Amino acid sequence: MNYLSTRGAGAGERHTFSEILLGGLAKDGGLYLPADYPRVTADELTRWRTLSYADLAFEILSKFCDDIPADDLRALTRKTYTAATYCNVRDDESAAQITPLKTLGVEEGAPLSLLELSNGPTLAFKDMAMQLIGNLFEYALAKHGETLNILGATSGDTGSAAEYAMRGKKGIRVFMLSPHGKMSAFQTAQMYSLQDPNIFNLAVQGVFDDAQDIVKAVSNDHAFKAKYKIGTVNSINWARVVAQVVYYFKGYFAATKSNDERVSFTVPSGNFGNVCAGHIARMMGLPIEKLVVATNENDVLDEFFRTGIYRVRKAAETYHTSSPSMDISKASNFERFVYDLLGRDPARVLQLFRDVEEKGGFDLAASGDFARVKAFGFVSGSSSHDSRVDTIRDVFQRYDTMIDTHTADGVKVAREHLQPGIPMIVLETAQPIKFGETIREALLREPERPAAFSGLESLPQGFEVVPADVQRVKDFIVANTGE
Ligand SMILES: *Cc1c(COP(=O)(O)O)cnc(C)c1O
């Protein structure tokens, strides 16, 4: 399997999976995609139906990472996808399924269900990919006798998923910047209570954007970056996207009896990483009817799928909402879909994303390309704080099921795209405890707390407060990477 850049870097330049695993953007600023999507055969679909999650992950990943020896890859997926890691389930019997399907009911003739993706260590779907990435990185680094210092900025979910995936991993250190005093008590405790010697929490005196700017400044210092082996694990990482393809297959098998049936998925979306994996599953031949993109008030993606206009938002136009993990001003993985939409024409992708940088967006409404969005199965919708609260309340009353704010955005938009006879699977991207404030507002009661998290907020916390100053962060890294 070869990988190429969506912007056509050095036409003909190709990379293996292992080469792009530890990197971010391609040299030309594009994103990596496989040269072609592997197609699944009818026989494979039949055979895969009964596999464990770990072995299904092996089958799918082996099509994309054929440069990793099969025995090694199987060992990695079996080490990653265990009931012990994804143990924060509603009922114990479902732990072995890793991503259990929870049936809600039938609405407008369509079976409606939740695919639980947030039973991992940090209670958000990012664990699904990140846990695998931790093991893949450790494996790849050991093979070449290398080390890596991961530098990131987080406002909550991504940072903790990365830390829990990398804790105790050989050859890896994590330096995670978070805005001091700006995360929820639960999220703060989740990150800062980690005591592993390879995890460094830096509480930046500033807001998330200050932390993000420091990461960018350090990454742009190429000499520093090379000397201290700085890397990232942000949402454009291809391995993260491909790891997410697996649960679309798993969800399909759980919701259907035969491979003649079709299903739709609704995906609470921010950076388009999760739903991009759904697009890839569909391109591989998984019988997906619709991919429903659900946004919150930050509706960049909804606007595009409704109108053909992609208009990134300025900082002042980016709202802080009660589904904060979807508060984005541009969708960093979107370029991967645009590449396919435009018939894989890198010159046009380059032009469009230049327009994004120079003019703040592009307009495909008039071009024939936008009409093809339907052929790719995409539709969309958005939500507000009120609809979020209403949906949490409604799902609780009607189905005795507590859902988080992001998942509520999914359910709200899913209901606008139901088709009789076609199962609608909403991806559950986090557990309610992570966003307790809105649960209390909607239900006038405390969010459910998985047993393993009782007393989390009273565990001892370790973190280093730093001013929003690039040099101070660099000094900290230098001081803590000595052998
Ligand atoms: C990250 C995240 C999202 C958005 O996922 P994308 O891949 O960025 O589209 C949605 N919900 C939760 C809870 C998240 O943590």
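Start at 1 and go down the list; that is how both ligands and their atoms are numbered. All heavy atoms count here, side chains included; hydrogens, waters and symmetry mates do not. Being a predicted model, the structure only gives us computed values, none of them experimental.
For the atom pair Asp127 CG and Ile133 CD1, the distance stands at 12.0 Å (nearest 0.5 Å). We find the CD-NZ distance between Glu138 and Lys169 to be 5.5 Å, quoted to the nearest 0.5 Å.
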Worksheet item: Run the ring-ring contact (aromatic ring centres under 6.0 Å, His included) check on Tyr247 and Tyr53 step by step: do they pass?
Response: CA-CA 8 Å; Tyr247 51 70; Tyr53 193 96; 7.4 Å; no

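Under a 4.0 Å N-O distance rule, the pair Asp28/Arg7 does not qualify as a salt bridge.
Not a single side chain to side chain donor-acceptor pair (under 3.5 Å) links Thr232 to another residue, sequence neighbours left out.
Side chains of Asn298 and Thr318: a donor-acceptor N/O pair is absent below 3.5 angstrom, by distance only.
Pocket lining of ligand 1, defined as residues with a non-hydrogen atom under 4.0 Å away: Phe125, Lys126, Asp157, Pro268, Ser269, Gly270, Asn271, Phe272, Gly273, Asn274, Ser325, Met326, His406, Thr429, Ala430.
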